[in-house]
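Structure first, then comments.
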Amino acid sequence: KAGVTQTPRYLIKTRGQQVTLSCSPISGHRSVSWYQQTPGQGLQFLFEYFSETQRNKGNFPGRFSGRQFSNSRSEMNVSTLELGDSALYLCASSFEARDGYTFGSGTRLTVV
Amino acid sequence: DQQVKQNSPSLSVQEGRISILNCDYTNSMFDYFLWYKKYPAEGPTFLISISSIKDKNEDGRFTVFLNKSAKHLSLHIVPSQPGDSAVYFCAASPVQGAQKLVFGQGTRLTINP
């Protein structure tokens with residue numbers, strides 16, 4: 001079966017712009033989470049959505065937001081981009097958390 | 001405040017030998033732990049997990065040990081194979097069923113032929 005699909009794979013944006021990243025979970029998975037990976041901070045949890053509701057949230061500013069649609073697909077949005085937002089953004093999905101989460105290949109965002 | 005720590009940024013092991021990757025945590029509310037493997041340009045791949053009610057979980061060549069009193073877990077890979085060369089992350093979750101994973105910084109494992 002298809003894995004977690006993230007689009008686009010690469011993105012270059014200018015400071016001050018906004019960006020929307022997309023994640024399609026594995027069919028049947030209801031939980032979608034987003035993580036940011038940077039060389040300095042490692043993998044950090046952004047937020048998790050379950051059945052279209054945000055269930056958990058990490059310690060990121062309000063510029064980072066997300067949503068989940070009825071088909072479990074999820075988007076995350078970053079407004080007023082800063083240079084420090086350059087990172088690999090990873091999406092993970094699961095049916096139940098104890099099954100282990102399946103990650104997508106990520107979207108590499110570069111802010112210039 | 002690094003709640004999950006992998007103190008070894010890198011580890012080099014000979015093919016066929018045992019690889020032992022270590023992870024320490026500080027938050028006693030963590031009760032579910034996972035190990036992930038990551039290749040460049042790919043997302044992390046789930047390897048094995050363990051609940052805090054256990055002290056060992058085994059899956060093929062991979063075994064995870066949990067020492068709750070020491071707040072320490074380790075991943076053993078036996079025997080190590082060249083394809084095991086990757087970055088390994090340990091992760092912890094405070095509530096089983098929740099997606100809020102806290103990751104360590106990762107250990108780069110290199111298996112030498």
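Each chain gets a letter, A, B and so on, in the order its sequence line appears, and its residues count up from 1.
Rounded to the nearest 0.5 Å, atoms CD (A:Gln44) and CG (B:Leu101) are 13.0 Å apart. Between atom CZ of residue B:Phe89 and atom CG of residue A:Leu43 there is a gap of 5.0 Å, rounded to the nearest 0.5 Å. Expressed to the nearest 0.5 Å, how far OH of B:Tyr39 lies from OG of A:Ser105 amounts to 13.5 Å. To the nearest 0.5 angstrom, B:Glu42 atom CD is 11.5 Å from A:Leu90 atom CG.
At a 4.5 Å heavy-atom cutoff, A:Leu46 makes no contact with chain B through either its backbone or its side chain. Within the 4.5 angstrom heavy-atom criterion, only side-chain atoms of A:Arg9, from C-beta onward, approach chain B. With a threshold of 4.5 angstrom between heavy atoms, A:Gln37 approaches chain B through side-chain atoms but not through N, CA, C or O.
In A:Asn71, the CG atom is crowded: over 12 heavy atoms of neighbouring residues, nucleotides or ligands sit closer than 6.0 Å. Within 6.0 Å of NZ in A:Lys57 there are more than 12 heavy atoms belonging to other residues, nucleotides or ligands. In the displayed structure, B:Arg17 atom CZ is contacted under 6.0 Å by at most 12 heavy atoms of other residues, nucleotides or ligands. Atom CD1 of A:Ile12 sits in a sparse spot, with 12 or fewer heavy atoms from other residues, nucleotides or ligands closer than 6.0 Å. Under a cut-off of 6.0 angstrom, the local environment of CZ in A:Arg63 is crowded, with over 12 non-hydrogen atoms contributed by other residues, nucleotides or ligands.
Put simply, B:Leu34 and B:Ile20 are part of two different groups of oily side chains (I, L, V, M, F, W, Y) that touch within less than 4.5 Å, one to the next. Hydrophobic clustering, with ILVMFWY side chains joined whenever heavy atoms are under 4.5 angstrom apart, groups B:Ile50 together with B:Ile48. Neither B:Val13 nor B:Val78 shares a network with the other; the hydrophobic side chains, linked directly or stepwise wherever heavy atoms of I, L, V, M, F, W or Y lie under 4.5 Å apart, form separate groups for each.
Using modelled atom types, no side-chain atom of B:Tyr36 and backbone atom of A:Phe103 make a donor-acceptor pair closer than 3.5 Å. A donor-acceptor pair under 3.5 Å is absent between the side-chain atoms of B:Lys100 and the main chain of A:Gly58, judged by distance alone.
At a threshold of 4.5 Å between non-hydrogen side-chain atoms, the residues B:Val102 and A:Phe45 do not count as touching.
For B:Phe103 and A:Tyr35, the ring centers are positioned less than 6.0 Å apart.
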